[in-house]
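Working notes, beginning with the structure itself.
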There are 2 protein chains.
Amino acid sequence: MTKLRIDLIAENLITIHPLLYKSISRPLRNCTSITPAGMFVLGNLKRHGILSMSDIGKYLSMPKPHITVIVNKLIEEGYVERQNDPKDRRIIHIHITEKGLSDFENIKQAISENMKSKLVMLNDEELEQLSTASQRVKDILISILSKE
Amino acid sequence: MTKLRIDLIAENLITIHPLLYKSISRPLRNCTSITPAGMFVLGNLKRHGILSMSDIGKYLSMPKPHITVIVNKLIEEGYVERQNDPKDRRIIHIHITEKGLSDFENIKQAISENMKSKLVMLNDEELEQLSTASQRVKDILISILSKE
DNA sequence: TATAATAGTTATATTTTTGTAACCGTTATA
DNA sequence: TATAACGGTTACAAAAATATAACTATTATA
């Protein structure tokens with residue numbers, strides 16, 4: 001019973017994934033130079049605040065050398081900054097800049113606009129349902145697979 | 001009011017997207033040689049049946065040359081096959097093979113197993129909620145942004 | 001029938017993503 | 001204090017995704 005439910009959840013998420021990829025990651029290229037991976041980093045910085053390089057690697061499940069590349073590019077463009085930890089000088093804290101925050105919001109807004117053209121097909125009840133259901137999926141997914 | 005609701009939906013989906021990427025696309029590499037894009041193609045073939053190259057391009061929002069590359073690789077590995085259209089010989093229909101279907105199911109099962117280790121943290125009520133909510137998100141997203 | 005439009009492929013180049021090994025500096029520990 | 005462990009970077013290689021132009025074959029249309 002529980003197994004069936006878990007399979008259904010996996011099935012649903014596997015179906016949702018390419019639809020989001022198509023309507024979020026893909027349109028990104030047309031409105032910003034930030035790569036999808038860069039957006040993921042900014043999103044985590046916004047949600048969690050300052051993060052070390054290793055933390056970012058855990059949140060994204062990516063090896064550290066890749067994180068260095070992504071963060072370097074974000075720094076080049078002024079979206080994040082490095083901060084040394086005075087207590088443990090091995091650790092480097094990454095924090096999002098004002099520009100990073102505002103550009104991130106603008107890009108989300110652009111994606112939202114893009115999505116609006118599809119969402120207008122829905123009536124008020126469906127909109128309400130999608131709003132509630134996506135909120136629930138988001139909250140639960142964050143709670144179980146956010147870190148590591 | 002409606003605008004606020006649409007913004008909330010976009011915000012939720014943008015947050016969900018990297019979580020799915022991390023728990024679906026990334027673990028794929030460890031259990032199969034099929035690329036994420038290949039999985040997207042197989043998923044659409046399973047849902048919609050036989051599709052032309054152009055149809056696949058629309059469902060994935062990818063340019064046709066890229067589709068050729070993806071499909072060629074799927075053919076090499078025996079997951080899909082080409083079929084000529086006798087009525088319009090420009091059109092090539094792609095259909096999924098038995099092997100494609102069964103491997104696709106196995107991979108979904110593997111992802112489901114992988115996810116199970118996270119989902120066990122949820123109690124029955126949360127599991128029920130996630131199941132219902134993800135179903136609703138899936139159905140509505142398919143209805144509005146499946147094609148083109 | 002000449003021309004335009006469609007479906008798909010080939011070729012090419014660039015960017016992004018992925019992965020691994022080796023390395024440096026710092027901190028912890030035996 | 002010598003050694004191991006940790007946090008991060010550099011360097012390198014390879015696969016995947018992206019984009020565009022040019023091309024073939026076929027069908028539609030004027």
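Proteins get letters first, then strands, A, B, ... in listed order; numbering begins at 1 in each.
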**Item:** Gap between atoms CD1 and P, on B:Ile56 and C:dG8 respectively (whole Å)
**Value:** 9 Å

**Message:** Please determine whether a side-chain nitrogen or oxygen atom of B:Arg89 lies at a distance below 4.0 Å from atom OP1 or OP2 of C:dT6.
**Reply:** no

**Prompt:** Can a salt bridge be assigned to the pair A:Lys73 and A:Glu76 using a cut-off of 4.0 Å between side-chain N and carboxylate O?
**Reply:** no

**Request:** Classify the ring geometry between A:His17 and B:Phe40 as parallel (under 30°), tilted (30 to 60°) or perpendicular (over 60°).
**Result:** perpendicular

**Request:** Please step through salt bridge (charged side-chain N to carboxylate O under 4.0 Å, His left out) for the pair A:Lys108 and A:Glu105, ending with a clear verdict.
**Result:** CA-CA 5 Å; A:Lys108 285 207 297 190; A:Glu105 286 308 313; 3.6 Å; yes

**Request:** Rounded off to whole Å, could you give me the CG-to-C1' distance for the B:Asn84 and D:dT27 pair?
**Result:** 15 Å

**Item:** Residue closer to the 5' end of DNA chain C, A:Arg29 versus B:Pro65 (nearest nucleotide)
**Value:** B:Pro65

**Item:** Separation of atom CG in A:Asn30 from atom C1' in D:dT18, rounded to whole Å
**Value:** 11 Å

**Fill in**
5'-most contact on DNA chain C (nearest-nucleotide basis), A:Asp85 vs B:Ser52, goes to B:Ser52

**Prompt:** What integer distance in Å separates A:Arg26:CZ from D:dA19:P?
**Reply:** 5 Å

**Message:** Measure CG/B:Asp88 against C1'/D:dT27 and give the value in whole Å, please.
**Reply:** 6 Å

**Prompt:** Where each residue is assigned the nucleotide of DNA chain D containing its nearest heavy atom, which of A:Ser54 and B:Ala37 is assigned the position nearer the 5′ end?
**Reply:** A:Ser54

**Message:** Whole angstroms only, please: what is the CD1-C1' distance between B:Ile94 and C:dG8?
**Reply:** 10 Å

**Request:** Would you indicate what A:Pro36 reaches in the nucleic acid, counting non-hydrogen atoms under 4.0 angstrom: base, sugar-phosphate, or nothing?
**Result:** sugar-phosphate

**Phosphate OP1/OP2 of D:dA25: any B:Arg90 side-chain N/O under 4.0 Å** = no

**Prompt:** B:Ile92 CD1 to D:dT27 C1': how many Å, rounded?
**Reply:** 15 Å

**Under 4.0 angstrom between B:Tyr21 side-chain N/O and C:dT17 OP1 or OP2** = no

**Message:** Rounded to whole Å, how long is the line connecting atom CE of A:Met62 with atom P of C:dT17?
**Reply:** 7 Å

**Asked** Quick one: is A:Thr35 getting a side-chain N or O under 4.0 Å of the C:dT15 phosphate, OP1 or OP2?
**Response** no

**Asked** Are B:Asp85 and B:Arg89 close enough, and set up right, to give a salt bridge (charged side-chain N to carboxylate O under 4.0 Å, His left out), and what steps lead you there?
**Response** CA-CA 5 Å; B:Asp85 182 329; B:Arg89 286 165 38 201; over 6 Å; no

**Asked** Below 4.0 angstrom from OP1 or OP2 of D:dA16, is there any side-chain N or O of B:Lys73?
**Response** yes

**Message:** For B:Glu11, is there any backbone N or O sitting under 3.5 Å from a side-chain donor or acceptor partner on B:Thr15?
**Reply:** yes

